[in-house]
Number of protein chains: 2
Amino acid sequence: MAPSTPAKSKAAAGITADKVTTAATELTARSGLDGWSVRDLAAALTVYPTVIYHHVGDREAVLHAVVERVVAHMPCPPADLPWREWFTEFLWEGREVLRRYPGVARRLCLAGPTVPSALRIIDRGVVVLQRAGFGDQAVAVYTFLVGTAFLHVPLEDERSERVDERLAARDVFLAHGRGDDAPGLATVAAQLGGGGRSPEELTRTDELHYRSILELSLDGAAARLAHLRA
Amino acid sequence: MAPSTPAKSKAAAGITADKVTTAATELTARSGLDGWSVRDLAAALTVYPTVIYHHVGDREAVLHAVVERVVAHMPCPPADLPWREWFTEFLWEGREVLRRYPGVARRLCLAGPTVPSALRIIDRGVVVLQRAGFGDQAVAVYTFLVGTAFLHVPLEDERSERVDERLAARDVFLAHGRGDDAPGLATVAAQLGGGGRSPEELTRTDELHYRSILELSLDGAAARLAHLRA
DNA sequence: ACCTGAACACCGTTCAAGT
DNA sequence: ACCTGAACACCGTTCAAGT
């Protein structure tokens, strides 16, 4: 059977842009945004690749639609929360969603406000910051908080695909464990020594790491707020 | 002339891994890490693609070598600087280097300590933080500061390739300029209104943006330090 | 309007063969 | 050891043709 020939047995007649996006989103959940080709997507729909072009457009257009779909599923905490709680909740739950669709976080950070679904979140986030007293710094602080947090998600995405490379990196540090020549690396080694090697433990480490990043960036924002009030 | 056939006229005899890496680094400076193929690289060396495989390895290996080469060019400020100055200088000048090689920043954040050249920087950075009093938080804070800063560089890399998409996003906000329905977006629009549309002005905006991110993250670290001392 | 089927111009990578 | 040249199994995208 030729690879680009749809199986006639299970022809999904009446393709729409919506069905294409749904299928693309499912493929993304399974193998990431870079894990499928236009031809794979067509095959999943038992359709010729050109049908994708007809209903949605080129690969870029499909990716955009997937990002839009995923962002639409992101939570948007109530506007009456205090700023620190609002961002803690949004960034924590946002991570959960983004992690289910590897590769989307990176494109979201890139595309940013091009995605219509993101507008309601941006609007509320900025309002929450303004009410807290950030004034005209609200936009800069919003960008910093969301960018810092979500930029770390794709890092986790790709690192989880390379567990062995990650363990190798760890061993490099551990080799400097008691080295007087490199006291900084020895510290890193000591820090890493406690963690385990299993995938579950690595996931747990990622979680703690993310929480640490959240708190540090929220502290940075808090410091700026204190400075503005002084 | 067949695309994969090296021009015999200018045959660069005696290919070495070093020459391959140099050529790949030059191509990266010109068109980014994703802007050339193995075949392009071979053509630049007037050599068959298989020669690359023989001397360096597959594409991944070449990319790794390029990152290594670029990191070797990064500055490493003197260890006796106060922690905030050390990171300001390193992250600011590091950005300059990384921006000259689009795509490298992202891979660097990903590969992290896998790159040997990075080890001397990590070691010194962690030592500087420890001496400042960060104790066992030094590693977490180092990761936060460097990650946050350098993760924003590839964003700039890719955004600069899509200036029109960026301007389109701006117009979306400006459309909400006086909207009472979306006061947050109106604020973003007001913030954006001042900036110009020329590439130079966008670069200037990026620079201010990066500086703002640096200061916010350094403030976050400073807050943690104050907390540790209390 | 929607789908077919072939084709174009690429990829990264492998491999047997030469020298 | 090093390079040649062809080949394999893919890509995204376009286009003329069908219905």
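The gap from the C1' atom of C/dC11 to that of D/dA7 amounts to 14 Å, rounded to the nearest Å. Rounded to whole Å, the separation between the C1' atoms of C/dC2 and D/dA16 comes to 15 Å.
Within the 4.0 Å cut-off from OP1 or OP2 of C/dC3, at least one side-chain nitrogen or oxygen of A/His55 is found.
Under the 3.5 Å distance criterion, with hydrogens and angles disregarded, a donor-acceptor pair is assigned to the side chains of A/Ser37 and A/Asp40.
Rounded to whole angstrom, the span from the CG atom of B/Leu45 across to the P atom of D/dC2 amounts to 15 Å. In this structure, CG of A/Leu41 is placed 12 Å from P of D/dC11, rounded to the nearest angstrom. The CD1-P distance, from A/Ile52 to D/dC11, rounds to 13 Å in whole Å. The separation between A/Tyr48 atom OH and C/dC3 atom C1' is 9 Å, rounded to whole Å.
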Enumerate all atom pairs, one protein N or O and one N or O from nucleotides 16-19 of chain C, separated by less than 3.5 Å.
none

So which protein N/O to nucleotides 12-14 of chain C N/O distances come out below 3.5 Å?
{"from": "C/dG12", "atom 1": "OP1", "to": "B/Val38", "atom 2": "N", "distance (Å)": "3.2"}
{"from": "C/dG12", "atom 1": "OP1", "to": "B/Arg59", "atom 2": "NE", "distance (Å)": "3.3"}
{"from": "C/dG12", "atom 1": "OP2", "to": "B/Val38", "atom 2": "N", "distance (Å)": "3.1"}
{"from": "C/dG12", "atom 1": "N7", "to": "B/Arg39", "atom 2": "NH1", "distance (Å)": "2.4"}
{"from": "C/dG12", "atom 1": "O6", "to": "B/Arg39", "atom 2": "NH1", "distance (Å)": "3.1"}
{"from": "C/dT13", "atom 1": "OP2", "to": "B/Tyr53", "atom 2": "OH", "distance (Å)": "2.6"}
{"from": "C/dT13", "atom 1": "OP2", "to": "B/Arg59", "atom 2": "N", "distance (Å)": "2.9"}
{"from": "C/dT13", "atom 1": "O5'", "to": "B/Tyr53", "atom 2": "OH", "distance (Å)": "2.9"}

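Between B/Glu60 and B/Arg107 there is a salt bridge, with a side-chain nitrogen of the basic residue lying less than 4.0 Å from a carboxylate oxygen of the acidic one. Electrostatic pairing of B/Arg204 and B/Glu201 does not count as a salt bridge here, judged by no charged N lying under 4.0 Å from a carboxylate O.
What you find for B/Val104 and B/Val66 is that their closest heavy atoms are CG2-CG1, 4.5 Å.
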Evaluate the side-chain contact (heavy atoms from CB on, under 4.5 Å) criterion for residues B/Leu41 and B/Arg59: first the C-alpha distance (whole Å), next the side-chain angles of each, then the deciding distance (0.1 Å), finally the verdict. CA-CA 10 Å; B/Leu41 176 56; B/Arg59 179 159 218 273; over 6 Å; no

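Under the 3.5 Å distance criterion, the side-chain polar atoms of A/Ser31 are left unmatched by any main-chain donor or acceptor of A/Thr28.
To the nearest 0.5 Å, atoms SG (B/Cys76) and CZ (B/Phe90) are separated by 7.0 Å. B/Ile213 contributes atom CD1, which lies 9.5 Å from atom CZ of B/Arg95 (distance to the nearest 0.5 angstrom).
With a cut-off of 3.5 Å on both pairing distances, the Watson-Crick or G-U wobble partner of C/dA6 is D/dT14.
Ring geometry, B/His152 versus B/His209: the interplanar angle exceeds 60°, so the pair is classed perpendicular (tilted spans 30 to 60°).
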